[in-house]
Amino acid sequence: MIKKSKLTVEVNETIMWGYIVTAVVALLVGGAAGFYIGVMYLRKQMEKMQSNPEMLQQMAKQMGYNLNKQQMAKMQQMMKKQKFRP
């Protein structure tokens with residue numbers, strides 16, 4: 001029967017906790033970075049839509065709305081007033 005010394009057990013537990021802490025930190029950093037990248041992408045897309053009425057029309061159709069020219073002009077005006085940068 002092989003005996004493990006106390007030092008070996010303590011080192012293994014320390015290494016295990018190191019892996020757990022590293023995994024949690026990596027998960028948090030990855031989640032925060034993904035959220036930030038997603039927000040920046042969405043802002044960029046919204047800025048593109050401000051100047052492109054075809055993109056606005058396409059977005060409205062995907063949401064189930066069929067906009068006439070008056071509604072489209074009003075939507076463009078509302079989006080131009082909206083600020084997408086903090």
Side-chain angles (χ1 to χ4, degrees):
M1 186 162 133
I2 301 173
K3 280 185 146 182
K4 289 187 177 180
S5 69
K6 236 181 183 181
L7 181 62
T8 305
V9 173
E10 288 176 10
V11 170
N12 287 340
E13 287 178 6
T14 305
I15 291 172
M16 182 185 68
W17 280 108
Y19 287 147
I20 291 171
V21 169
T22 303
V24 169
V25 169
L27 183 67
L28 291 174
V29 169
F35 178 78
Y36 179 76
I37 291 169
V39 167
M40 297 306 290
Y41 176 76
L42 183 60
R43 283 183 182 165
K44 187 179 262 187
Q45 289 297 98
M46 294 298 278
E47 287 172 355
K48 282 183 184 178
M49 277 189 222
Q50 286 179 349
S51 60
N52 192 346
E54 291 83 23
M55 284 182 77
L56 278 174
Q57 186 73 32
Q58 182 183 12
M59 182 185 72
K61 281 185 180 182
Q62 287 176 347
M63 292 176 12
Y65 295 105
N66 194 9
L67 303 176
N68 60 29
K69 289 184 182 188
Q70 184 181 20
Q71 291 170 327
M72 190 64 151
K74 190 172 184 178
M75 183 183 265
Q76 280 182 302
Q77 186 180 26
M78 284 174 41
M79 287 190 76
K80 285 182 181 178
K81 286 182 183 177
Q82 182 74 30
K83 292 183 181 178
F84 296 111
R85 298 276 179 208

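One-based numbering along the sequence shown. Keep in mind the model is a prediction, meaning the values are calculated, not measured. Keep in mind that the numbers below use all heavy atoms, side chains included, and drop hydrogens, waters and symmetry copies.
Remark: V25 engages V21, V29 in a side-chain contact (heavy atoms from CB on, under 4.5 Å) (not counting sequence neighbours). Listed by chain and residue number, nothing satisfies the side-chain contact (heavy atoms from CB on, under 4.5 Å) test with A73 (two or more places apart in sequence, or in another chain).
Across Q57 and M72, no two heavy atoms sit closer than the pair N-CE, 3.2 Å. Considering all non-hydrogen atoms of both residues, N66 and Q71 come closest at O-OE1, 3.9 Å.
Transitive grouping of hydrophobic side chains (ILVMFWY, heavy atoms separated by less than 4.5 Å) keeps L67 and M78 in distinct clusters.
For the atom pair F35 CZ and M40 CE, the distance stands at 11.5 Å (nearest 0.5 Å).
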